[in-house]
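This report concerns only the one structure given below.
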Protein chains: 2
Amino acid sequence: MSETQEQPSRGPQLSEQVAQRLSDAIQAGEWGRGARLPTEAALGERYGISRSVVREAISMLRNGGLVTSRRGSGSFVAESPTVSLRLAIPDPDIQSVIEVLELRRPLEVEAARLAAERRTLSQLRRIRNAMVDIDEAVEAGLSGVDQDLAFHRTIAEAANNTHFTAVLDFYNRFLHHAIRVTRTNESLRETFMLQVVGEHQAILDAIAAGDAEAAARAAAIHLEHAETRLRQAPTDLLKSALERVEAQRSSVAVTPSESESVSVSESTEHTGDNPQ
Amino acid sequence: MSETQEQPSRGPQLSEQVAQRLSDAIQAGEWGRGARLPTEAALGERYGISRSVVREAISMLRNGGLVTSRRGSGSFVAESPTVSLRLAIPDPDIQSVIEVLELRRPLEVEAARLAAERRTLSQLRRIRNAMVDIDEAVEAGLSGVDQDLAFHRTIAEAANNTHFTAVLDFYNRFLHHAIRVTRTNESLRETFMLQVVGEHQAILDAIAAGDAEAAARAAAIHLEHAETRLRQAPTDLLKSALERVEAQRSSVAVTPSESESVSVSESTEHTGDNPQ
DNA sequence: TGCGGCTAATTTGTCAGACAAGATGTTAAA
DNA sequence: TTTAACATCTTGTCTGACAAATTAGCCGCA
């Protein structure tokens, strides 16, 4: 029959075009939330493509959270829309870290302010515990980076607004990679931690007292200092870290496997998993 | 040959298992950043599956930003791993909008501050144009929501820190859905816009003058007022809007034209559905 | 009529083989 | 040495088939 069979324009990535079209169609309301969309065969005929391409396109939408598929039943438009934000983790350079900290600062400051107003007693307790954890980790010879981030996270939690924890967690995953680079120097760590402990204490005290403005000020000071410390990080240290990463990139790229003795093994950690 | 051909355990979604395995292998450093991973045929043999499944698995990783594929060349581990943040868009309720605005406020304030310090002349010009666009849209009888968001986006751009635009774009997607609900009342719009125009002008003036603190103050005032206006939105209006949305759930009507932005992508996802 | 269970049709998931479209490396020619 | 043609490899797409799971219909029965 003279079915409409829209002809896909010859371009790059046929399946991508189809995914885009399907996405548009869904967002245009052609099939409502939870509705079952046509079978793969039908879609293939409609767009004039094979089932393989339809499957790849649907696979993309599924990964994007737009569609869910049930074997034997069909593919369905997802019930609740989502937006997703993606951040690439480049080779650690100080500039990108600073950019992230610029964003973090106002968020942390506001989180501290809200935490002072809203924190429950149990949340206050957890903030205290997190501070203790940092000390213990440092005394145990660890970098304390994770504990440091965890401390800030408890504050964000105490703000009782899920978006703060979501965004800060998001960027913490980035910083987790990057900060490690700047804190490997032993001599630095000591003076560093002395300063940090005091600043953390000030934030905690203000939150405990319920003084929103003081908490905000303390957090602002802490984060400004953090950025200053980062800018003052010895460039040779950063450079050597970068070289190490570079060296790993080429060596691993050549050898197939078998090398368990990777020097900086954690640099390829990522995560873009699908938290479904 | 005594190839190791690991046998996949019979479970849900074979391709998913393979994707997980590949993801684990990559994170374990089996193939470094930018390295080419085995051909689809080789992977199929290795895991004892067909090429289709390998392709689906790789498709997932590709969508997750973990690998990139080039036709004729191969599939490669992505140069920069990525982290992703996902936000479900619930049925619009005023509480969730307020939570988002709480997060937005400090970001917008900081963006305005940075914009006052860093904006180029062309960026300043674009902010001005965006403000004019709002007026024109309102005079044309439109809601002006899109133009309003665009205005704020030009300010975020002028901060010259990509993360501000990324995060604000991210939440704008959410607000785009939600705000529409609160601004459909005609009588509200007029007084609303009168107020808003003045506040916008104050921000623009401060940015034009390069006065960071004034820009921050103006932005803070604007966003506090925005939240106040939202809280004062007549509940019956909101309720009717919610009902409308309920009725709309069977046919989602979203803005059709949304060209892809770099790091923010919209989808419509859900969480847990219980069909029958 | 109402209901339970069996069967058949439908639909996605997986398999297998083939060709098309690019990319890469090698060789031959200028 | 540089350039152009070629052979080979790899992903992208097509086609057809079967397996697995769900859904709908049908039949028998109380």
Side-chain angles (χ1 to χ4, degrees), chain A residues 5-22 26 31 34-78 253-254 256 274 276, chain B residues 5-22 26 31 34-79 273-276:
Chain A
Q5 196 196 341
E6 329 174 7
Q7 196 66 11
S9 64
R10 280 297 154 191
Q13 299 319 99
L14 183 53
S15 54
E16 223 168 283
Q17 301 176 38
V18 176
Q20 187 60 49
R21 286 193 171 197
L22 278 175
I26 289 174
W31 308 287
R36 201 180 83 185
L37 38 88
T39 69
E40 294 172 350
L43 286 175
E45 192 173 357
R46 168 172 174 172
Y47 293 116
I49 54 179
S50 75
R51 210 186 130 204
S52 319
V53 178
V54 175
R55 282 191 61 75
E56 284 234 17
I58 289 183
S59 170
M60 294 180 194
L61 302 188
R62 197 168 35 226
N63 267 342
L66 196 86
V67 162
T68 60
S69 299
R70 288 201 297 276
R71 162 189 242 166
S73 180
S75 291
F76 303 81
V77 178
V254 176
N274 18 357
Q276 291 170 354
Chain B
Q5 198 192 343
E6 329 173 7
Q7 194 67 9
S9 65
R10 278 294 152 193
Q13 297 320 101
L14 184 52
S15 54
E16 226 168 278
Q17 301 176 38
V18 176
Q20 187 59 51
R21 286 194 173 198
L22 279 175
I26 290 174
W31 308 288
R36 200 180 84 184
L37 37 88
T39 68
E40 294 172 350
L43 286 174
E45 192 174 354
R46 166 171 176 174
Y47 293 116
I49 55 179
S50 74
R51 211 186 129 202
S52 316
V53 179
V54 175
R55 282 190 62 75
E56 284 231 15
I58 288 183
S59 170
M60 293 181 194
L61 302 188
R62 196 169 35 227
N63 265 356
L66 195 60
V67 309
T68 58
S69 299
R70 289 199 298 276
R71 166 190 232 155
S73 181
S75 291
F76 304 80
V77 178
E79 290 288 343
D273 56 272
N274 37 5
Q276 276 87 14

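Below, chain A is the first sequence line, B the second, and so on; all start at residue 1.
- Taking atom CZ of residue A:Arg55 and atom C1' of nucleotide C:dG13, one finds them 5 Å apart after rounding to whole Å.
- Of the candidate nucleotides C:dA21, C:dT12, C:dT14, C:dA21 has the atom lying nearest to any side-chain atom of B:Arg71.
- Atom-to-atom, CD of B:Glu16 to P of C:dT12 comes out at 17 Å; the value is rounded to the nearest Å.
- Computed from coordinates, the B:Gln17 CD to C:dT14 C1' distance equals 13 Å when rounded to whole Å.
- Nearest approach of A:Leu37 to A:Trp31, heavy atoms of both residues: CB-CD2, 4.2 Å.
- Checked against D:dT13, C:dC15, D:dT10, the side chain of A:Leu14 finds its nearest nucleotide in D:dT13.
- Here C:dA16 presents its P atom at 12 Å from CD of B:Glu45, a figure rounded to the nearest Å.
- Contact annotation: B:Arg70 side-chain N/O to D:dT10 OP1/OP2 distance is not under 4.0 Å.
- Remark: A:Ser52 OG to B:Glu56 CD distance equals 10.0 Å, nearest 0.5 Å.
- Listed nucleotides D:dG12, C:dT11, C:dT14 differ in distance to A:Thr39; the shortest reach to its side chain belongs to C:dT11.
- For the pair B:Ala19 and B:Leu61, the tightest heavy-atom approach, listed with the atom from each and the gap, is O-CD2, 3.7 Å.
- In this structure, the OH atom of A:Tyr47 is 16 Å from the P atom of D:dT13, given to the nearest Å.
- In this model, the phosphate group of C:dG13 is not approached by any side-chain N or O of A:Arg51 to a distance below 4.0 Å at OP1 or OP2.
- Residue B:Ser73 has its side chain nearest to C:dT24 when only C:dT24, D:dT13, D:dT11 are considered.
- Contact annotation: B:Ser15 reaches the phosphate of C:dT14 (side-chain N/O to OP1 or OP2, under 4.0 Å).
- Within 4.0 Å (heavy atoms only), B:Ser52 reaches at least one base atom of the nucleic acid.
- With contacts defined as side-chain heavy-atom distances shorter than 4.5 Å, the pair B:Leu22/B:Val67 does not qualify.
- What separates CD of A:Glu56 from C1' of C:dG13 is a distance of 14 Å, to the nearest Å.
- Contact between the side-chain N/O atoms of A:Ser50 and the OP1/OP2 oxygens of D:dC14 is found at a separation under 4.0 Å.
- Residue A:Glu40 places its side chain closer to C:dT12 than to any other of C:dT11, C:dT12, C:dC15.
- When the nearest nucleotides of DNA chain D are assigned to A:Phe76 and B:Leu37 by heavy-atom distance, the more 5′-ward of the two goes with B:Leu37.
- Between B:Glu16 and A:Arg62, no side-chain nitrogen of the basic residue sits less than 4.0 Å from a carboxylate oxygen of the acidic one, so the salt-bridge criterion is not met.
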